[in-house]
A.B. asks: 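First the structure, then my questions, so here it is.
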Amino acid sequence: MSVTDDSQAGTNSDELTPTTLTGAEVAAAGIDLAVNTPDPGTNYHLFVAGTDEGAQTLKPRSQTTARELMREVGSVLRMSEAEAANLGDLPEDPEEDQTMIINMGPQHPSTHGVLRLMLELQGETVLRCKPIIGYLHTGMEKTGEQLTYMQGGTNVTRMDYLSPLNNELVFAMATEKLLGIDGDIPERAIWIRMLLSELNRMSSHLLFMATNGMDLGAVSMMIYGWREREEVLRFFQEVTGLRMNHNYIRPGGLAADLPTGWRDGVLRILDLLPPRLDEYDTLMTGQPIWRERLQGVGVITPSEALALGATGPILRSTGVEWDLRRDQPYMHYDDLDFDVVVGSYGDAFDRYAIRLAEIRESMDLVRQIVERIPQGDYRIQNKKVTPPPRARIDESMEALIHHFKIFTEGFKVPEGEVYAALESPRGELGCYIASDGGPNPYRIHMRDSSFVNIQCLPHMMRGGLVADAVAIISSVDPVLGGVDR
Amino acid sequence: MSDNQTTAEASEAAEDATPMIHGCPVTDSLGQEVIHATVGQYLDVVKALDDEGYTMCVDLCGVDYLDFMGRSLPDGIAAERFEVVVNLLDLSNRRRTRIRVQVPAAAPVVASLFDLYPGTEAMERECFDMFGIEFAEHPDLTRILMPEDWDGHPLRKDYEVGRIPVQFKGANA
C-alpha cells in the first residue's frame with residue numbers, strides 16, 4: 001500500500017465516513033460499498049490499515065472482552081463488577097454503535113514527546129483511553145548492563161531527560177549503598193547534590209509551566225517558561241559543562257567542584273525568579289479562563305492515586321502528604337525547613353498550583369543550602385572508586401595505571417541488591433541494582449515515575465471532554481524518555 | 001564503617017534465627033527488608049502485606065539470573081533462573097519492603113497483582129515484555145515497550161546485545 005493510501009486510510013479512520021474510501025481500498029478489502037453500513041465496529045481494520053499495532057491498540061467494543069472492558073473502566077476505580085457494569089459503557093442497542101475510536105499521537109504537539117493515545121469518543125466525551133508507549137524505547141536498561149558503574153551515569157541521565165541530575169543522583173545512591181560507602185560521602189558533595197537536585201526540580205517545573213501554558217493556549221507562557229528554565233540550565237552549564245545529560249553526580253561524589261563564582265550564579269537565579277513567578281500568577285493562576293480550563297478537570301481521588309501507584313504532584317494533589325524528602329529523608333533534607341505542598345481536589349488545577357508552589361519551595365531550599373554548603377572534598381577519597389587527580393598522573397606511574405584501570409575496567413561492586421529512591425520532580429524515582437560482584441551492574445532497573453503515572457490517564461480522562469484530554473496529559477507531566485527508557 | 005559492621009552482624013544474627021513473615025524467610029539486604037517467596041506463596045504474602053498497611057506497590061521488575069545462579073539466598077529457598085522483585089510501600093508507617101519471587105525457567109508464570117494493586121498493570125506488562133514472565137489473570141498481557149511482532153525478550157541474559165559494525169570513511173570493510 002502506498003503512502004498516499006495510508007494517509008487516506010488514516011483520515012478516514014478519524015472521520016469514519018466509509019463512502020470516501022478509494023475504489024482500490026474497497027476492492028482490496030472486498031467490501032461492497034452498496035451494502036456497507038457506516039459501522040466502525042465491523043470494518044474497523046479497514047480503517048486502521050497500515051497503523052495496526054496488534055493487540056496493543058484499543059479495540060472496538062465488539063472485540064473487547066467484558067473483563068478487558070471492565071479493567072478499562074472499573075477496576076482502577078475499585079468498583080465491584082456490578083457497579084462497573086452499571087457505568088453504561090455498552091450501548092443499549094449493540095447494533096447502534098455511536099462511539100468512534102480515534103488515534104492521538106505519537107506525533108502530536110501536546111503529547112509531550114511520542115506518547116500515543118487511543119481514545120474512544122461518544123460525541124465529545126471520552127469513554128475510554130489507552131496510552132500506547134514504547135516509541136522511544138531504546139533498551140537503556142540493557143545498555144546499563146554493558147556499562148561499568150563509572151559509565152552508568154551517562155546512561156541513566158538520559159532516561160528522564162528533564163531531571164537528569166536526579167537520575168544520576170539515584171543511581172549514585174544505589175551504587176554507593178552497594179559499595180558500603182554511602183555513609184562516607186563528603187559533606188560538601190552531599191550539599192552540592194542537594195543544591196543541584198533542587199535547581200533541577202525548579203527547571204523541570206518551569207518547563208511544565210511552559211508546556212502546560214502552551215497546551216491550554218497561553219502561548220506567551222510557553223516562551224516565558226522556557227526563558228526561565230534556560231536561566232537555570234545556564235547555571236548547570238557553568239557547573240557541569242552541559243545544559244542537560246550532565247553525568248556530574250557520580251558514585252562517590254561529583255565529577256568536579258563548583259566553579260568559582262557559582263554563588264553569584266545561584267543568587268542571580270533566586271533574584272530573578274520571584275518577580276517572574278508573580279507574573280505567572282497574573283498570567284495564569286488568577287485568570288478566569290485558566291481556572292475554567294483546569295478546575296475540576298482530570299479529578300483523581302487519594303485511594304485511586306494510591307492504587308495506581310501515582311506519586312509526586314499527582315498524589316499530593318489529592319491531599320496525600322507524601323514527599324520522600326520529608327517522609328523518608330535522604331541526604332540532609334531532614335536538616336532543612338520546607339513545606340510539602342498538597343492540594344485538596346485532585347484536579348489539574350491543583351497539580352498546576354502544586355508545581356508552581358514547589359518552585360517557590362525549592363527556591364527557599366536553595367537559599368538555605370547555599371548558606372550551609374561547607375568547604376571540603378567534593379568526592380570521596382577512596383582509591384577504589386575515585387580516580388587520581390589529574391596532576392598526579394603526570395608524576396606517578398601508579399596513578400596512571402590506577403586511572404587507566406578505573407576508566408577501562410571500572411571498579412568492582414560487592415554482590416547484593418539494593419533499591420534506592422528519591423523524590424524527583426515527577427514523583428518517586430527509584431533505582432534497583434542487582435550486582436554479581438563485577439564492574440557492571442548485573443541488572444539495573446529504573447523505577448520511573450512517569451511510567452507509572454501515565455496509568456492515571458485513562459482514569460482521569462474518563463467521562464471528560466476531548467478538549468480536556470490535552471489539559472490532563474499536560475497536568476500529568478510525563479517525560480517519554482523516562483516512560484520508555 | 002561501624003554501621004556496616006553492625007548491619008553485617010545483624011544480618012548474620014537474622015540468618016541464624018531465620019525470621020519469617022507469613023511463612024517466608026526474611027533477610028536484610030544492606031539495611032532493607034527482603035522477603036523471599038516461592039511462586040506458590042507469592043500472592044498470599046502480598047495479600048497479607050497489603051492487609052498490614054502496604055498500600056502502594058511502588059515497583060515491580062524482573063531479573064534474569066542465568067549467569068549468576070550462585071547468588072546468596074536464605075536456607076530453604078532454591079535459586080531459580082528468574083526473579084520477580086516487588087517493592088511495596090507503607091505510607092502511614094513510612095516503611096518499605098521488598099519481595100523476591102523465585103520463578104522457574106521451565107514455567108515462568110506467576111500470579112498477577114492487578115487485583116490488589118491496579119498500578120502494577122504496566123509494570124507486569126513490561127516484565128512480560130522484557131523477560132517473558134507471564135502473569136496469570138493479568139487482564140491485558142501484551143507487549144508494552146517492544147513492537148507487537150518482536151521475537152524474544154530483550155532483557156534475558158541469553159538475548160544478544162545488538163551490534164552495528166562501525167564503518168570508517170574510506171575503509172575497505
Side-chain angles (χ1 to χ4, degrees), chain A residues 52-57 65 67-68 70-72 75-78 131-134 137 139 141-143 145-146 177-178 180 182-184 303-304 306-311 315 320 322 327-328 415-419 421 428 430 432 434 436-437 442-443 445 447 451-452 454-456 483-485, chain B residues 1-4 7-8 29-32 34 55-65 67-68 70-72 83 85 87 89 91 94-96 98 100 114-123 125-126 129-130 137-149 154-155 157 159 161-162:
Chain A
D52 188 33
E53 293 261 325
Q56 284 189 31
T57 51
T65 63
R67 185 173 159 78
E68 280 174 344
M70 226 186 68
R71 172 186 64 85
E72 285 165 2
S75 302
V76 293
L77 312 176
R78 294 276 168 108
I132 298 166
I133 59 172
H137 176 66
E141 289 180 3
K142 186 84 171 175
T143 310
E145 293 171 8
Q146 323 300 322
K177 220 168 171 49
L178 277 170
D182 51 326
D184 309 329
S303 59
E304 290 157 5
L306 288 173
L308 287 168
T311 46
L315 182 60
V320 178
W322 183 257
D327 294 298
Q328 292 192 330
E415 285 177 22
E417 40 110 44
V418 78
Y419 179 82
E428 171 163 336
Y432 179 76
D436 61 349
Y442 185 76
R443 163 93 167 104
H445 170 73
R447 187 269 186 208
F451 178 71
V452 185
I454 57 163
Q455 294 188 92
C456 299
V483 172
D484 292 343
R485 282 157 291 146
Chain B
M1 292 306 283
S2 62
D3 283 352
N4 293 335
T7 43
S29 171
L30 304 161
Q32 301 174 343
V34 182
T55 42
M56 189 189 274
C57 178
V58 171
D59 188 29
L60 184 149
C61 70
V63 186
D64 178 5
Y65 279 108
D67 302 337
F68 186 37
R71 63 193 184 277
S72 71
E83 273 188 21
V85 183
N87 279 287
L89 178 63
L91 282 86
R94 298 176 181 180
R95 55 182 179 159
R96 287 175 189 276
R98 182 157 69 238
R100 286 171 69 181
F114 178 74
D115 288 333
L116 288 169
Y117 305 105
T120 55
E121 201 250 346
M123 307 174 200
R125 276 177 72 193
E126 187 193 5
D129 194 358
M130 294 292 134
E137 297 288 300
H138 187 286
D140 181 26
L141 200 61
T142 50
R143 288 190 181 270
I144 186 167
L145 294 175
M146 304 303 286
E148 198 59 37
D149 53 356
L155 279 178
K157 286 287 172 182
Y159 189 97
V161 184

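Convention: sequence-line order gives letters A, B, ...; per-chain numbering from 1.
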A.B. asks: Would you say A:K142's side chain and B:V161's backbone share a donor-acceptor pair under 3.5 angstrom?
C.D. replies: no
A.B. asks: Can you tell which part of A:A310 gets under 4.5 Å to a heavy atom of chain B, answering side chain, backbone, both or neither?
C.D. replies: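 For A:A310, the backbone is the part near chain B, not the side chain.
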A.B. asks: Quick check for you: to the nearest 0.5 Å, what is the distance between B:Y117 atom OH and A:L306 atom CG?
C.D. replies: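 The OH atom of B:Y117 sits 11.0 Å away from the CG atom of A:L306.
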A.B. asks: Can you tell me if A:K177 uses its side chain to pair, donor with acceptor, with the backbone of B:G31 under 3.5 Å?
C.D. replies: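 Looks like no, no N/O pair under 3.5 Å.
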A.B. asks: Just verifying a value: how many Å separate A:H137 NE2 and B:I144 CD1, rounded to the nearest 0.5 Å?
C.D. replies: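 Nearest 0.5 Å value for the NE2-CD1 distance: 11.0 Å.
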A.B. asks: Any salt bridge linking B:E126 with A:R485? Criterion: basic side-chain nitrogen under 4.0 Å from a carboxylate oxygen.
C.D. replies: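 Looking at B:E126 and A:R485, the cut-off is met.
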A.B. asks: Does A:E417 come within less than 4.0 Å of B:R98, counting only side-chain N to carboxylate O?
C.D. replies: yes
A.B. asks: Counting only non-hydrogen atoms closer than 4.5 Å, does B:R95 touch chain A with its backbone (N, CA, C, O), its side chain (CB onward), both, or neither?
C.D. replies: backbone
A.B. asks: Whether the B:R96 and A:Q328 side chains hold a donor-acceptor pair (N or O, under 3.5 Å, no angle test) is what I'd like checked.
C.D. replies: yes
A.B. asks: Do B:L155 and A:E145 come within less than 4.5 Å of each other through their side chains, counting heavy atoms only?
C.D. replies: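 In contact.
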A.B. asks: Could you state the interatomic distance from CG (A:D436) to CG (B:D67), rounded to the nearest 0.5 Å?
C.D. replies: 8.0 Å
A.B. asks: Has the side chain of A:R447 got a donor or acceptor atom that lies under 3.5 Å from a matching backbone atom of B:N87?
C.D. replies: no
A.B. asks: Using the rule given for side chain to side chain contact (heavy atoms under 4.5 Å, CB included), can you reason through B:V85 versus A:H445, listing the C-alpha separation, both sets of side-chain angles and the distance that settles it, and then say yes or no?
C.D. replies: CA-CA 10 Å; B:V85 183; A:H445 170 73; over 6 Å; no
A.B. asks: Judged by atom type as modelled, is there a donor-acceptor pair below 3.5 Å linking the side chain of B:Q32 to the main-chain atoms of A:Y419?
C.D. replies: yes
A.B. asks: Out of curiosity, B:M56 CE to A:T311 OG1, how far, rounded to the nearest 0.5 Å?
C.D. replies: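 The OG1 atom of A:T311 is 6.0 Å from CE of B:M56, to the nearest 0.5 Å.
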A.B. asks: Given the options B:L60, B:L89, B:T120, which has more heavy-atom pairs under 4.5 Å with chain A than any of the others?
C.D. replies: B:L89
A.B. asks: Which atom names give the shortest non-hydrogen contact between A:R443 and B:C61, and what distance separates them?
C.D. replies: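 Looking at all heavy atoms of both residues, the closest pair is NH2-CB, 3.8 Å.
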A.B. asks: Taking atom CG of A:D484 and atom CE of B:M146, what is their separation to the nearest 0.5 Å?
C.D. replies: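 It is 11.0 Å, given to the nearest 0.5 Å.
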A.B. asks: Go through the atoms of B:D64 and report whether side chain, backbone, both or neither lie under 4.5 Å from a heavy atom of chain A.
C.D. replies: backbone
A.B. asks: Need one label for A:I454: side chain, backbone, both or neither, based on atoms under 4.5 Å from any heavy atom in chain B.
C.D. replies: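 For A:I454, there is no contact with chain B at all, as no heavy atom is under 4.5 Å.
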A.B. asks: For A:V483, is it the side chain, the backbone, both, or neither that has a heavy atom closer than 4.5 Å to a heavy atom of chain B?
C.D. replies: backbone
A.B. asks: Say whether, by atom type as modelled, one donor and one acceptor occur between the side chain of A:E415 and the main chain of B:R71 under 3.5 angstrom.
C.D. replies: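 Looks like no, no N/O pair under 3.5 Å.
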A.B. asks: Tell me, side chain or backbone of B:M123 under 4.5 Å from chain A's heavy atoms, or both, or neither?
C.D. replies: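 Contact with chain A involves both backbone and side-chain atoms of B:M123.
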A.B. asks: If you count heavy-atom pairs under 4.5 Å with chain B, which of A:W322, A:F451, A:Y432, A:Y442 comes out on top?
C.D. replies: A:Y442
A.B. asks: Need one label for A:V418: side chain, backbone, both or neither, based on atoms under 4.5 Å from any heavy atom in chain B.
C.D. replies: both
